[in-house]
Amino acid sequence: MRVVDLPPVPAPEDPEAALAAVVALRRLAARLETEAVTEAVEQGWTWAQIGEALGISAQAAHKKLAAEVRARRGR
């Protein structure tokens with residue numbers, strides 16, 4: 001795992017910078033979620049386990065992530 005120094009969080013009084021930070025965080029979270037779920041599937045986790053870990057149903061997890069996981073696994 002890489003440790004990164006993060007810049008300070010922009011103040012809401014600077015909406016342009018704050019909203020750009022929100023977009024960057026969403027992209028980072030989506031990437032981390034996809035990579036972690038792909039690894040979980042590789043390790044044999046069920047969609048029920050993945051959904052529980054994400055705080056959503058197995059069906060919601062599968063619907064949201066299965067296609068990307070398959071693409072990353074080359075299947």
(request) Check Ala61 against Gly51 and note the closest heavy-atom contact, atom names and distance. (result) CB-CA, 3.9 Å
(request) Report the distance from atom CZ of Arg72 to atom OG1 of Thr34, rounding to the nearest 0.5 Å. (result) 5.5 Å
(message) How long is the straight-line distance from CD1 of Ile56 back to NE2 of His62, given to the nearest 0.5 Å?
(response) 12.0 Å
(message) Can you tell me how far apart CD (Gln49) and CG (Leu54) are? Round to the nearest 0.5 Å.
(response) 12.0 Å
(message) Working to the nearest 0.5 angstrom, can you tell me the gap between Trp47 CH2 and Glu52 CD?
(response) 15.0 Å
(request) Would you indicate whether Glu16, at its atom CD, is surrounded by more than 12 heavy atoms from other residues, nucleotides or ligands within a distance under 6.0 Å? (result) no
(message) Tell me whether Glu35 at atom CD has more than 12 heavy atoms from other residues, nucleotides or ligands lying less than 6.0 Å away.
(response) yes
(request) Measure from the side-chain N and O atoms of Glu68 to the backbone N and O of Leu65, and report whether any donor-acceptor pair falls under 3.5 Å. (result) no
(message) Could you measure the distance from the NZ atom of Lys63 to the OG atom of Ser57? Nearest 0.5 Å is fine.
(response) 10.0 Å
(request) Return the minimal non-hydrogen interatomic distance between Ala11 and Ala18, and the atom names on each side. (result) O-CB, 3.8 Å
